[in-house]
Amino acid sequence: MSEIILPVQNYDLAGTLDSGQAFRWSRPGPGWTGIIGGRVVRLAAVAAGIRAETVDGVTDWSWLTTYLQTDVDLAAILQTFPKDAPMQAAVAASPGLRLLRQDPWECLASFMLSSTKQIVQIRQIIALLCERHGARIDDPGDPPAFAFPTPAQIAGLSEDQLRACKMGFRAPNVLAAARRIDTGEFDLARVSTLPHAEARAELMKLAGVGGKIADCVLLFAFGFNAAFPVDVWIKKALQELYFPRRRASEKRLQHFAATHFGSHGGYAQQYLFHYMRTKKTARGRG
DNA sequence: TTTGTGCCTTAGCT
DNA sequence: AAGCTAAGGCACA
């Protein structure tokens, strides 16, 4: 085993890994186990930072520090948030919540699978997809681990094989995206080099990718910090926290989301999302 | 132009 | 037990 301690403070590991940005983390024992690219990784919060373990022979850990974003100046980001009561409450509820930097294809495919699914169900679908069609990872752990299937691997499958992974109506969209990316007709890497609005429009050319999923990829994979995915939870949060008196229209909410939260709106969004979800579960039924 | 509706699957909950 | 809903997108009225 290779091991390292990443020196970072104010990092809410549990909140970050379990906040619905990534779907391949579990907590089998005291720490977290997940799969990043072709590696199984075990993480645990320790006083000095985050302790990480993975296969033998790893000396360059930049793939992990990039994924965990341990080098970002969180305090500086928090200062860009609007100074209003809801935002302060959301930050106070889970200080140290972070955004991850994920692989674009895995992120895109995962959020294409997320529509009208609960997070537990999204995990199930992705686990099934990886077990059946991803590369086996060389790891002594039990159960065996599998990488997320590449575009080429999925492109070679049939729609029925994907539906068998419980994708339902999402299957043809994932298949089409995989095939367009595999042939090179759609260049996912190029999207990250475009300006924000153009990158968003480009992603939305994929069938099954609307504004919300595009924003997730922009934020979680490409690091467009201003991208602000508006999902059902965020709609609820904005409505209750910022427009408590009367119902705000869809257009109003979208405009507010895009303009009120500043240069790092994506981070603000993650705090609001986590705040809403944990508040609900803590209360039982709200 | 904006807004509402039904449909696309599946599974867990009530 | 049938109905509802879940990190949506899309066509259509």
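Letters A, B, ... are given to chains in the order of the sequence lines, protein chains preceding strands, and every chain is numbered from 1.
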Pair H274(A), S94(A): side-chain N/O donor-acceptor within cut-off below 3.5 Å: yes
Can you tell me how far P in dA11(C) sits from the matching atom in dT9(B), rounded to whole Å? 15 Å
First-last contacting nucleotides on DNA chain B - partner chain A, under 4.0 angstrom, heavy atom: dT2(B) to dA11(B)
Assert yes or no for the condition that the ring centre distance of F23(A) to F148(A) is strictly below 6.0 Å. no
Reckon R170(A) touches a base, only the sugar-phosphate, or nothing at all at heavy-atom distances under 4.0 Å? base
Read 5' to 3' with Watson-Crick or G-U pairs under 3.5 Å, [ ] for crossing pairs and | for partners on another strand, DNA chain B gives ..||||||.|||||
Just wondering, do Y11(A) and T16(A) contact through their side chains at under 4.5 Å, heavy atoms? yes
Heavy-atom check, side chain of R123(A) versus side chain of R24(A), under 4.5 Å: no
Examine Y242(A) together with H260(A) and report whether their ring centres are nearer than 6.0 Å. yes
Tell me, please, whether W32(A) has R42(A) positioned over its six-membered ring: NZ or CZ under 6.0 Å from the ring centre and within 45 degrees of its axis? no
Heavy-atom check, side chain of I137(A) versus side chain of R39(A), under 4.5 Å: no
P spacing across the pair dG8(C) / dT2(B), given as an integer number of angstrom: 23 Å
Basic-acidic side-chain contact under 4.0 Å: K235(A), E250(A): yes
Apply the test ring-ring contact (aromatic ring centres under 6.0 Å, His included) to residues Y267(A) and F261(A): give CA-CA distance (whole Å), side-chain angles for both, the deciding distance (0.1 Å), then the verdict. CA-CA 9 Å; Y267(A) 274 85; F261(A) 294 95; over 10 Å; no
Identify whether the distance between the nearest side-chain nitrogen and carboxylate oxygen of R51(A) and E53(A) falls below 4.0 Å. yes
Using a 4.0 Å heavy-atom cut-off, write out nucleotides 7-13 of chain C from 5' to 3' as B (base contacted by protein), S (sugar-phosphate only) or - (no contact). BBSS---
Answer with yes or no whether the side chains of D60(A) and S62(A) bring together a donor and an acceptor at under 3.5 Å. yes
Can you tell me, in whole Å, how much space there is between the P of dT14(B) and that of dA7(C)? 15 Å
Inter-nucleotide P distance (dA1(C), dC8(B)), Å rounded: 25 Å
